[in-house]
Novice: 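Here's a structure for you.
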Amino acid sequence: MDTRSRLEGVVRAGGARPRYGRTAEAAAEAGVSGRMVVHRPGQVLVLDSTPMPVKLRETVFGDAITATLTLALDLYTHGLPAFRLTLQSDTSVDIAMLLRDVMLPLPMRDGWGEDMEWPYAGVPAEVIAEFTGHRVAALPFFAPETVTTDHGGPYKNHDLVEAETEIGCRILPARVLRQTDKFAVERQFLTIQTMLFEHLLGFTGGDVADRGADPERDASLTLAQAEHIIATWIVQIWQNRKLGEYAPSWAPGEDHSPNTLFAAAMEQGGFDLDFPEPSFYYKVLRKHHVKIHPRRGVKILGLWYHHPVFDEPRFQQPSARGGKHAGKWVVRSDRRDRRQVFFQDPADHETWHILRWRGLPPEGEIPAFSDKTADALLTRVRANKIRIHSESELLEHLLGILGSVTPVDQWPSQAKRKAGKKQRVAQAREITRAQAAAADRPAAPAIAGELAPAEMPAAWAEHARTIDHAVDADRRRRREEALADVKPVAPATLHEALNRRPMFRLPPPDDSEADTPVQEDDT
């Protein structure tokens, strides 16, 4: 027996290598080949995330942070129909919003010229602008048919699977240890790095030899500025860049770019102008099957939400839904902003009601808080064994969590400064996620008279002032509720006070003084 045969026997005995071999054999037996032929845009959309190799500045405290770049790449044209920048790591709701962005045309931005506007023949820019209500950039949009991802946590989340089912696309996860299943998007990250990121301040690179002496100090771009630069690079450069080895086999000798390949596909198979409605945002959110309490509303992940529509008689009985969730109603939530949840009216299936958290004061709004803050709030209540009789009593503890970050100038030591940076980054991520949730929501409220929640302030000083105002408003509300049953008595006027007793009559002695005998001095 030669050396190779002995090594194969040892590996086979360990069971590590043959596991993937058996997976490939099982896929071959099931009829799944190792190569897929893509012949139209949107047939396969590849998603992947990676840390952005450029340090950015968050706008709350001004610290240098690392963002996560998520790309959506069309495997036929090698175009980039959508991308997302998130602070630190992305979540399933960010991926769901990315899929929605693939289906929506990109509006023109400030500073973009006419050369970056929708150029495709057959569908004039005026027609697209009439459908969307705004000028559209030269970036293809379509409904994805198949989505290929890796096995990361956000991509395997059941909420994202529900959103992909709502969109109507199939899920084709990449095989384990098979880099060829999504090699195109992996290569695209390196392409963006060599063509764009290396020329930005704060570039970290993949090796210490590629970066400067202090990338965190060199960081100058904010998250919004970096997002604008990437969008400009995609629309102006990448979508018009000549494809090399990715050029189509049916056009030898011709020069094609992602935009020209999409235009050729439009001439061959047509183009479907089917834009998702604004209510599509609610349909890709997390789904909860709950019962409606007659007076308290619905309970979503430990918090109670209510709307006056629940007082109608039609909601005093169980839902007509059958199956696993028989008798329950469907409520959707955005984990980035837990101040409200959304409920679709079963009467017309078009109206979406915004259910406010019962702990919010009626006279104003408090800063948005995510599911992480809500979990910390409920954990603090359970750990301290605090008895909560109403949702409004949770507001005081929530405001303490939102305003718990100590200003930098009050930190006594460098060790506390390092510990405080983690808190500052977490607070900045909270604010950034709230701003992203507000940007993703439809611009107009579903019902006239319903006010959309206020956006999270961008600066820490403004955020601190908002917390102080919310604390004062909460104390004022509690004081008014405590004195609601006490009837105020108006003070008497001077004339009434003089008429009650004569001015020159001496007041009678106190009872205590009258009952106490006067002791005489023996001296």
Novice: Any heavy-atom pair between the side chains of Q344 and T351 that's under 4.5 Å?
Specialist: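 In short, these two side chains do not touch, never coming nearer than 4.5 Å.
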Novice: Look up atom CG in L398 and atom CH2 in W357, then write down how far apart they are to the nearest 0.5 Å.
Specialist: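 Between atom CG of L398 and atom CH2 of W357 there are 5.0 Å.
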Novice: To check you understand the geometry: which heavy-atom pair defines the closest contact between D90 and Y155, and what is its length?
Specialist: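 Residues D90 and Y155, closest heavy atoms: OD2-OH, 4.3 Å.
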Novice: Just wondering, do R286 and D371 contact through their side chains at under 4.5 Å, heavy atoms?
Specialist: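 In short, these two side chains do not touch, never coming nearer than 4.5 Å.
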Novice: Using the side chain to side chain donor-acceptor pair (under 3.5 Å) definition, which of the options R338, Q340, H288 pairs with S333?
Specialist: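 Going through the options one by one, the only one that passes is H288.
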Novice: Using the side chain to side chain donor-acceptor pair (under 3.5 Å) definition, which of the options D214, D218, T66 pairs with K55?
Specialist: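 Only one option passes, and that is T66.
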Novice: Checking Q43 side chain against H39 main chain: does a donor-acceptor pair fall under 3.5 Å?
Specialist: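 At least one qualifying donor-acceptor pair exists.
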Novice: Does K283 offer a backbone N or O that forms a donor-acceptor pair with the side chain of R332 under 3.5 Å?
Specialist: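 Yes, because the side chain of R332 sits within donor-acceptor range (under 3.5 Å) of the backbone of K283.
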Novice: Measure from the side-chain N and O atoms of T260 to the backbone N and O of H256, and report whether any donor-acceptor pair falls under 3.5 Å.
Specialist: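 Checked: no pair found.
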Novice: Compare all side-chain heavy atoms of D74 with those of F142 and state whether any distance is below 4.5 angstrom.
Specialist: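 They are in contact (side-chain heavy atoms under 4.5 Å apart), so the answer is yes.
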Novice: Donor-acceptor pair, distance only, cut-off 3.5 Å: does the side chain of H349 make one with the backbone of P346?
Specialist: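 Yes, because the side chain of H349 sits within donor-acceptor range (under 3.5 Å) of the backbone of P346.
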Novice: Is a side-chain donor-acceptor pair under 3.5 Å present for E58 with T432?
Specialist: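 Side-chain D/A pair, T432 to E58: absent.
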Novice: With a 3.5 Å distance limit and no angle check, can you tell me whether R57 reaches the backbone of T222 through a side-chain donor-acceptor pair?
Specialist: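 No, the answer is negative, given that no donor and acceptor are paired below the 3.5 Å cut-off.
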Novice: Out of curiosity, L139 CG to W238 CH2, how far, rounded to the nearest 0.5 Å?
Specialist: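 Here the interatomic distance stands at 13.0 Å.
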Novice: How are the rings of F141 and W118 set to each other: parallel, tilted or perpendicular (split at 30° and 60°)?
Specialist: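 It falls in the tilted class, 30° to 60°.
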Novice: How about W352 and Y281: are their ring centroids closer than 6.0 Å?
Specialist: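 Between Y281 and W352, which both carry aromatic rings, the centre distance is not below 6.0 Å.
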Novice: If I take atom NE2 from residue H134 and atom CE from residue M108, how far apart are they, to the nearest 0.5 angstrom?
Specialist: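 It comes to 11.5 Å.
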Novice: Applying side-chain contact (heavy atoms from CB on, under 4.5 Å), run through D48 and D150 and close with a yes or a no.
Specialist: CA-CA 7 Å; D48 199 7; D150 56 14; 3.2 Å; yes
Novice: Are V147 and L99 side-chain neighbours, meaning at least one heavy-atom pair lies under 4.5 Å?
Specialist: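 Yes. Closest side-chain heavy atoms under 4.5 Å.
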Novice: Keeping the roles fixed (side chain from T204, backbone from P53), state whether a donor-acceptor pair exists under 3.5 Å.
Specialist: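 Side chain of T204 to backbone of P53, a donor-acceptor pair under 3.5 Å: yes, one is there.
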Novice: What's the separation between atom CD1 in I401 and atom CZ in F369, rounded to the nearest 0.5 Å?
Specialist: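 Rounded to the nearest 0.5 Å, the CD1-CZ separation comes out at 10.0 Å.
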Novice: Looking at L45, L71, L75, which one forms a side-chain contact (heavy atoms from CB on, under 4.5 Å) with V185?
Specialist: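 Only match with V185 under side-chain contact (heavy atoms from CB on, under 4.5 Å): L71.
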Novice: Run the side chain to side chain donor-acceptor pair (under 3.5 Å) test against T232 and tell me which residues pass, sequence neighbours left out.
Specialist: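 T232 satisfies side chain to side chain donor-acceptor pair (under 3.5 Å) with W112 only.
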Novice: When you check the gap from the basic side-chain N to the acidic O, do D334 and R441 get nearer than 4.0 Å?
Specialist: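 A salt bridge is absent here (no side-chain N lies under 4.0 Å from a carboxylate O).
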Novice: Stepwise, does the side-chain contact (heavy atoms from CB on, under 4.5 Å) test hold for T50 with Q193?
Specialist: CA-CA 12 Å; T50 188; Q193 174 176 326; over 6 Å; no
Novice: Is any side-chain heavy atom of I354 less than 4.5 Å from a side-chain heavy atom of F342?
Specialist: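 SC-SC contact between I354 and F342 confirmed.
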Novice: How long is the gap from CD1 on I431 to OG on S370, to the nearest 0.5 Å?
Specialist: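 Rounded to the nearest 0.5 Å, the CD1-OG separation comes out at 11.0 Å.
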Novice: Which atom names give the shortest non-hydrogen contact between R241 and S257, and what distance separates them?
Specialist: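 Reported closest heavy-atom pair: O-CB, 3.2 Å.
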Novice: Does the side chain of T86 come under 3.5 Å of the side chain of D94 through a donor N or O and an acceptor N or O?
Specialist: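 No donor-acceptor contact under 3.5 Å links the two side chains.
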Novice: Show the numbers, then the answer: is there a salt bridge (Lys or Arg N to Asp or Glu O under 4.0 Å) between K372 and E430?
Specialist: CA-CA 9 Å; K372 186 176 181 180; E430 192 91 351; over 6 Å; no
Novice: How about Q268: does its CD atom have over 12 heavy atoms from other parts shown lying under 6.0 Å from it?
Specialist: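 More than 12 within 6.0 Å, yes.
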Novice: Under 6.0 Å between the ring centres of W233 and F197?
Specialist: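 No, the ring centres sit 6.0 Å or more apart.
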Novice: For the CD1 atom of I65 and the CG atom of L56, what is their distance to the nearest 0.5 Å?
Specialist: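 One gets 4.5 Å once the value is rounded to the nearest 0.5 Å.
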Novice: Mind checking what makes side chain to side chain contact (heavy atoms under 4.5 Å, CB included) contact with A264, not counting sequence neighbours?
Specialist: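 Per chain and number, A264 pairs via side chain to side chain contact (heavy atoms under 4.5 Å, CB included) with W250.
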Novice: Please give me the minimum heavy-atom distance between A64 and A219, naming the atom from each residue.
Specialist: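 A64 and A219 have their closest heavy atoms at CB-CB, 4.4 Å.
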Novice: So which heavy atom on A137 is nearest to which on V235, and how close?
Specialist: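 Result for this residue pair: CB-CG1, 4.4 Å.
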Novice: Taking NZ, NE, NH1 and NH2 as the nitrogens, is one of them in E166 or R100 under 4.0 Å from a carboxylate oxygen of the other?
Specialist: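 No.
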Novice: Side chains of V46 and Q188: does their closest heavy-atom pair fall under 4.5 Å?
Specialist: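 SC-SC contact between V46 and Q188 ruled out.
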Novice: So, for F343 and V330, which heavy atoms are closest and what is the spacing to 0.1 Å?
Specialist: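 That would be CD1-O, 3.3 Å.
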Novice: So, the side chain of T148 versus the backbone of A174: is there a donor-acceptor pair under 3.5 Å, distance only?
Specialist: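 Not confirmed, T148 side chain does not pair with A174 backbone.
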Novice: How close do H353 and D345 get, heavy atom to heavy atom, and via which atoms?
Specialist: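 Looking at all heavy atoms of both residues, the closest pair is NE2-OD2, 2.9 Å.
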Novice: Can you check whether P144 reaches M103 side chain to side chain, under 4.5 Å on heavy atoms?
Specialist: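 P144 vs M103: side chains touch.
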Novice: With a 4.5 Å limit on heavy-atom distance, are the side chains of F280 and I167 in contact?
Specialist: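 Side-chain contact under 4.5 Å: yes.
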Novice: Is there a donor in the side chain of R170 and an acceptor in the side chain of T146, or the other way round, less than 3.5 Å apart?
Specialist: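 There is such a pair between these side chains.
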Novice: Report the residues that fulfil salt bridge (charged side-chain N to carboxylate O under 4.0 Å, His left out) with D255, sequence neighbours left out, ordered by chain and then residue number.
Specialist: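 In terms of salt bridge (charged side-chain N to carboxylate O under 4.0 Å, His left out), with neighbours along the sequence ignored, D255 is linked to K242.
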Novice: Could you walk me through whether E227 and R109 pass the salt bridge (Lys or Arg N to Asp or Glu O under 4.0 Å) check?
Specialist: CA-CA 12 Å; E227 194 270 342; R109 302 190 178 189; 2.8 Å; yes
Novice: Are L104 and T132 close enough, and set up right, to give a side-chain contact (heavy atoms from CB on, under 4.5 Å), and what steps lead you there?
Specialist: CA-CA 9 Å; L104 292 174; T132 59; over 6 Å; no
Novice: Using a strict cut-off of less than 4.0 Å between a Lys/Arg side-chain nitrogen and an Asp/Glu carboxylate oxygen, indicate whether R84 and D440 qualify as a salt bridge.
Specialist: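 Salt bridge flag = yes for D440 with R84.
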Novice: If we ignore angles and hydrogens, is there a donor and acceptor under 3.5 Å between the side chains of Y120 and N259?
Specialist: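 Result is yes, a qualifying pair exists.
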Novice: Take L201 and L221 through the side-chain contact (heavy atoms from CB on, under 4.5 Å) test and state the conclusion after the steps.
Specialist: CA-CA 8 Å; L201 294 177; L221 296 175; over 6 Å; no
